[in-house]
Amino acid sequence: MEATTQSPQPSLSLPWKTRIALSLHFTVTNAFLRKNGTINRRLLNLIDFRNPPTLQPINGVASHDVVVDKARNLWFRVYVPTELAGEELPVIMYFHGGGFVFLSPDALPYDTMCRRLATKVPAVIVSVNYRLAPEHRYPSQHDDCFDVLKFLDDEENKSKSLPENANLLRCFIVGDSAGGNIAHHVAQRACEFNFQRFKVIGVVAIQPFFGGEERTDSEIRLAGTPLVSIERNDWVWKAFLPEGEGFNRDHPIINVSGPKAVNISEIKLPPVMLVVGGCDALQDWQKRYYEWLKKSGKEVYLFEYPNMCHAFYISPELSESVQLITQVKDFIQTISSNVATKFTN
């Protein structure tokens, strides 16, 4: 497994249909964000189309939903590659993006993404539906995702929710954008928790949503590239942080490597695969995260896509999106082969 090391030369390279789709998504979702920090969720739900689970396999993958806590609408969707029923498979805990405000596991982009991972890695995928801001502020999102890990650590819950060949001792936490932020923090918490049947052995952070008080070079230089902007990010962070604590983007949940960063040098964080886009305005924060992990003595691999913008991976028509899935597969297989895990049903 080798990380790509070429220096990004930002020159956005997208087919016109993909560029239009991403720009349209950005424009439409922006229209639901109110200046007072609330969101027009009722109107958004009218166009928020969802895919149902498929108990009968489609292209070799079946899916079903599991409710953890009905009161807070905490559930997850499981994707199972049915043609590998006799083969032990790793488990991917997937945390979706959407700025902590939008989307869900059954939204088309993430239903498609998880199906691709299930077949290509291959793995059993657990895609978590966490509560959204601003109705539910931090730490709701991170608590929900961590609670699913604890839920599956129970033998009865595991046996009812996952297929027998799902090995929770070979668990990878994967997240993109806001989900990449959650992935880091949940992995950190998992390292400090005494699980009985659960072991996180790797993290994949795809263009994680980090930030800070500073306006970085990439945020300014790449203003206008698809899906992220300073104005939108500021709105999201204000909607995400708890009310009454004051608004400061150097909060350690946002600026993980900043002045208030948690000391992780003594935490046994598993190897991290970090994906960065050369046309992503958030790339400076992501690269600081990479350097912080290295300085903290952690094993981290940087994969750069010089001509890709934020969220390029949800467009399966892109060759870079296909390449990313392959690199995730290689990372998971390499880390799995290096970690001794005893498979137990």
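In what follows, residues are counted from 1 in the order of the sequence shown.
Aromatic ring orientation, Phe312 versus Tyr305: tilted (interplanar angle from 30° to 60°). Between Tyr138 and Phe240, the ring planes lie tilted relative to each other; the angle falls in the 30° to 60° range.
Within a 6.0 Å sphere centred on CD of Glu243, heavy atoms belonging to other residues, nucleotides or ligands number 12 at most. No more than 12 heavy atoms of other residues, nucleotides or ligands lie within 6.0 Å of CG in Asn59, so this atom counts as exposed by the packing criterion. The number of heavy atoms from other shown groups lying within 6.0 Å of CD (Glu156) does not exceed 12. A 6.0 Å sphere centred on CD of Glu135 holds more than 12 heavy atoms belonging to other residues, nucleotides or ligands.
The heavy-atom pair separating Asp106 from Ser104 by the smallest distance is OD1-OG, 2.5 Å. Cys279 approaches Leu12 most closely through the heavy-atom pair SG-N, 3.4 Å. The nearest pair of heavy atoms linking Phe195 to Phe198 is CB-O, 3.3 Å. Of all non-hydrogen atoms in Leu241 and Asn248, the two that sit nearest each other are CD1-O, 3.8 Å. Across all non-hydrogen atoms, the minimal contact from Ala311 to Leu227 is CB-CD1, 3.3 Å. Scanning all heavy atoms of the two residues, the minimum distance from Glu214 to Glu219 falls at O-OE1, 3.5 Å.
The pair Lys150-Asp147 meets the salt-bridge criterion, since a charged nitrogen lies less than 4.0 angstrom from a carboxylate oxygen. Between Asp111 and Arg50, no side-chain nitrogen of the basic residue sits less than 4.0 Å from a carboxylate oxygen of the acidic one, so the salt-bridge criterion is not met. A salt bridge does not link Asp48 with Arg41: none of the charged nitrogens is closer than 4.0 Å to a carboxylate oxygen. The existence of a salt bridge linking Arg170 and Glu88 is confirmed by a sub-4.0 Å separation between a basic side-chain nitrogen and an acidic carboxylate oxygen. Using a cutoff of 4.0 Å between basic side-chain nitrogens and carboxylate oxygens, Lys260 and Asp250 are not scored as salt-bridged. For the pair Asp284 and Arg288, the salt-bridge criterion is not met [side-chain N within less than 4.0 Å of a carboxylate O].
Hydrophobic clustering, with ILVMFWY side chains joined whenever heavy atoms are under 4.5 angstrom apart, groups Val262 together with Leu269. Note on Phe331: it clusters hydrophobically with Val339, by side-chain heavy-atom contacts below 4.5 Å among ILVMFWY residues. Cluster membership check: Leu108 does not share its hydrophobic cluster with Ile206, using side-chain heavy-atom separations under 4.5 Å among Ile, Leu, Val, Met, Phe, Trp and Tyr. Residues Leu132 and Ile39 share a single hydrophobic cluster, defined by chaining ILVMFWY side chains whose heavy atoms lie under 4.5 Å apart. Clustering ILVMFWY residues whenever any of their side-chain heavy atoms sit less than 4.5 angstrom apart, transitively, puts Phe247 in the very cluster that holds Ile253.
Rounding to the nearest 0.5 angstrom, the gap separating the OG atom in Ser127 from the CD1 atom in Ile92 is 10.5 Å. Tyr289 contributes atom OH, which lies 12.0 Å from atom CG of Leu302 (distance to the nearest 0.5 angstrom). A distance of 3.5 Å separates CZ of Phe151 from CG of Asn157, quoted to the nearest 0.5 Å. Atoms CZ and OG1, from Arg19 and Thr225 in turn, are 10.0 Å apart once rounded to the nearest 0.5 Å.
Of the possible donor and acceptor atoms, one in the side chain of Asn165 sits under 3.5 Å from a partner among the backbone N and O of Glu87. The closest donor-acceptor contact from the side chain of Lys158 to the backbone of Ala166 lies under 3.5 Å. Between the Gln283 side chain and the Val276 main chain, no donor and acceptor come within less than 3.5 Å of each other.
None of Tyr130, Phe76, Phe209 except one satisfies the ring pair (Phe, Tyr, Trp, His ring centres under 6.0 Å) rule with His96; the exception is Tyr130. When each of Leu149, Val272, Val204 is checked for a side-chain contact (heavy atoms from CB on, under 4.5 Å) with Ile173, only Leu149 meets the rule.
Under the 4.5 Å side-chain criterion, counting only non-hydrogen atoms from C-beta, Trp292 is not in contact with Lys298. Counting only heavy atoms from C-beta outward, the side chains of Ile182 and Phe100 approach each other to under 4.5 Å.
Between Phe146 and His142, the distance separating the two ring centers is not shorter than 6.0 angstrom.
In this structure, Arg232 forms no cation-pi arrangement with Trp235, as its terminal cationic atom is not both closer than 6.0 Å to the ring centre and no more than 45° off the ring axis.
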